[in-house]
Amino acid sequence: MSPITAISHYIQGQVTLGTSGRAQDVFNPATGQVTGSVALANGAEVNAAVASAQAAFPAWADTPPIRRARIMFNFLQLLNEHKDALARMITAEHGKVFTDAQGEVSRGIDIVEFACGIPQLLKGDFTDQVSTGIDNWTLRQPLGVVAGITPFNFPVMVPAWMFPVAIAAGNTFVLKPSPIDPSPSLFIADLLKKAGLPDGVFNVVQGDKEAVDALLVHPDVKAVSFVGSTPIANYIYETGAHHGKRVQALGGAKNHMVVMPDADVDQVVDALIGAGYGSAGERCMAISVAVLVGDVADKVIPKLLERTKTLKVLNGTNLTAEMGPIVTQAAHKRISGYIDLGVQEGATLLADGRGFDGKQAGVGCGDGFWLGGTLFDHVTPEMRIYKEEIFGPVLACVRVPDFAKALQLINDHEFGNGVACFTRDGNVAREFSRRVQVGMVGINVPIPVPMAWHGFGGWKKSLFGDMHAYGEEGVRFYTKQKSIMQRWPESIGKGAEFVMPTAK
């Protein structure tokens, strides 16, 4: 049996052992074995991380953007050199298949590349002679210490939605990653230091709700970014805003994929299998509802069922794997409970993942947290398996008579994160894109996660706050605008002025 790894915090440029006396086991989901013990921070440890970031902020904010960008370029090079090492860490602690983990790291690298352009992204506006002898310009300045609270499902990509842009813009950063898969955060911190980032600019506090609450009320934390479930996102938003912080809190999802009768059935099945069961359905952009329009259900369901039953559910280290284990035993129990509920509610269970034997997944996997792909047909909007986010490899098929009903179904749902429509009809695609009440839309693209320069965010109860993550909105979130008006004595007329400057 491998030794248990102690996983700690990273404060002021070095690994810092926990002093709270609290810790949590870290598992390999494929085997069910404990592989590590992660420290859980208390308020004092959070305060130490924030103090480190606060002390580093003045010098880092004054560092010219081009010099900050050069450090990000160094970090980018190191990330590319070590991306497979990061991917292996993800597979070991999260369970997702190695190729999917590689894709996660690559999408994080995209954000770092975007952040390398910070000198261009921070340029302000200038107007000469807004009034006689007066010029007006704007500039964007960093906020100070900012924090990121990130989920288990993307331990590299989601933090990368936050810290590269925040740091490049001149802020200092405190990351509170999920305690379920904490190791990548320390690896990232080490790479940033090797890239030349000054001590204190990037800190990591491992922990649970105690650490989160300490960040939310800390007076020196100026902004908080969060990704997770909707109830927690709402809590983060309300608590952070109550304490005067800028907050972006990305919540849950129930992503639909509309399949029109004219869609290519084989492409549809490929898309649903990948988007529904990839990463074991544990991603906020997973497709969890197939909305089958007209008679297309009778063409799609048989092929979808066949593919679901032959899904390659294996240890993520196996390069032929299509789906790995569930992240924790608790998540496994929750997802299994939803499958039970779907049967009770009257949905037709076509493929039942609860009977999957982990021994089939590879050597030593018998005690892992395994589920197979699960497929329901004849799901209705009144069912909880339709309304609630399951966050697992459970795909629900809903049959509707026409496009209008499909659109209404989606727009009536409380979540509005991601959505897709598969069709060959350009007018249907255009109308769907314009009228659907969802923040991220794919036309014949099942998982429409925007690229680094566009920004990520949903609508309705999938996003609390006004600005999306990364992209230009990310730059605006992590900076504040300052407007400056200027004139010189020679252009100032005699006498007191009792009105605001006007264009004259």
Visitor: Is any side-chain heavy atom of His243 closer than 4.5 Å to a side-chain heavy atom of Leu216?
Guide: no

Visitor: Below 30° counts as parallel, above 60° as perpendicular, anything between as tilted: where do the rings of Trp370 and Phe356 land?
Guide: tilted

Visitor: Hey, are the side chains of Lys222 and Lys480 touching, using non-hydrogen atoms and a 4.5 Å cut-off?
Guide: no

Visitor: Out of Glu104, Lys96, Met285, which residue meets the side chain to side chain contact (heavy atoms under 4.5 Å, CB included) rule with Ser279?
Guide: Lys96

Visitor: Could you tell me if Gln24 and Asp208 have a donor-acceptor pair between their side chains, going purely by distance under 3.5 Å?
Guide: no

Visitor: Between Val205 and Leu175, does a side chain to side chain contact (heavy atoms under 4.5 Å, CB included) hold up when you go through it step by step?
Guide: CA-CA 6 Å; Val205 285; Leu175 173 64; over 6 Å; no

Visitor: Can you check whether Ile167 reaches Phe202 side chain to side chain, under 4.5 Å on heavy atoms?
Guide: yes

Visitor: For Phe477 and His468: C-alpha separation, side-chain torsions, deciding distance, then whether ring pair (Phe, Tyr, Trp, His ring centres under 6.0 Å) applies.
Guide: CA-CA 8 Å; Phe477 179 78; His468 290 187; over 10 Å; no

Visitor: Who passes salt bridge (charged side-chain N to carboxylate O under 4.0 Å, His left out) against Asp270, sequence neighbours left out?
Guide: Arg307

Visitor: Side-chain donor-acceptor contacts of residues 435-457 below 3.5 Å, not counting sequence neighbours, with atom names and distances?
Guide:
unit_1 : atom_1 : unit_2 : atom_2 : d
Arg435 : NE     : Glu431 : OE1    : 2.5
Arg435 : NH2    : Glu431 : OE1    : 3.3
Gln437 : NE2    : Arg435 : O      : 3.4
Asn444 : OD1    : Thr423 : N      : 3.0
Asn444 : ND2    : Thr423 : O      : 3.1

Visitor: Verify side chain to side chain contact (heavy atoms under 4.5 Å, CB included) between Cys397 and Leu304, making sure each step is shown before the conclusion.
Guide: CA-CA 10 Å; Cys397 295; Leu304 187 58; 4.1 Å; yes

Visitor: Nearest 0.5 Å, what's the CD1-SG distance between Ile410 and Cys421?
Guide: 8.0 Å

Visitor: Can you tell me if CD on Glu472 sees more than 12 non-hydrogen neighbours from other groups inside 6.0 Å?
Guide: no

Visitor: So Phe391 and Ser288, do their side chains get closer than 4.5 Å, heavy atoms only?
Guide: no

Visitor: Are Phe226 and Thr150 side-chain neighbours, meaning at least one heavy-atom pair lies under 4.5 Å?
Guide: no

Visitor: Treating Gln102 as the side-chain partner and Asp84 as the backbone partner, does any N or O pair qualify as donor plus acceptor under 3.5 Å?
Guide: no

Visitor: Tell me whether Lys461 at atom NZ has more than 12 heavy atoms from other residues, nucleotides or ligands lying less than 6.0 Å away.
Guide: no

Visitor: So, are Lys254 and Glu389 salt-bridged, with charged N and O less than 4.0 Å apart?
Guide: no

Visitor: Salt bridge (charged side-chain N to carboxylate O under 4.0 Å, His left out) with Glu210: which residues, sequence neighbours excluded?
Guide: Arg22

Visitor: The test is ring pair (Phe, Tyr, Trp, His ring centres under 6.0 Å); show your working for Tyr470 and Phe114 and say whether it passes.
Guide: CA-CA 9 Å; Tyr470 65 84; Phe114 171 78; 7.8 Å; no

Visitor: Within the 4.5 Å heavy-atom criterion, are Val204 and His9 side-chain neighbours or not?
Guide: no

Visitor: Does a side chain donor of either Thr16 or Glu45 reach within less than 3.5 Å of an acceptor in the other side chain?
Guide: no

Visitor: Taking the side chain as everything from C-beta on, heavy atoms only, tell me whether Phe432 gets closer than 4.5 Å to Val258.
Guide: yes

Visitor: Do Val289 and Leu395 make a side-chain contact, defined as non-hydrogen atoms from C-beta onward lying under 4.5 Å apart?
Guide: no

Visitor: If you count heavy atoms of other groups shown closer than 6.0 angstrom to NZ of Lys83, is the number above 12?
Guide: no

Visitor: Under 4.0 Å between a side-chain nitrogen and a carboxylate oxygen: does that hold for Asp100 and Arg283?
Guide: yes

Visitor: Is it the case that the side chains of Thr35 and Asn28 hold a donor-acceptor pair, with the cut-off being a distance below 3.5 Å and no angle test?
Guide: no

Visitor: Could you verify whether a donor N or O on one side chain and an acceptor N or O on the other, from Tyr386 and Glu345, lie under 3.5 Å apart?
Guide: no

Visitor: Measure the spacing between CD1 of Ile236 and CD of Gln248 and express it to the nearest 0.5 Å.
Guide: 12.0 Å

Visitor: Using distance alone, with no hydrogens and no angle criterion, decide if Ser225 and Tyr478 have a side-chain donor and acceptor under 3.5 Å apart.
Guide: yes

Visitor: Go through the side-chain N and O atoms of Tyr237 and His242 and say whether any donor and acceptor fall under 3.5 Å apart.
Guide: no

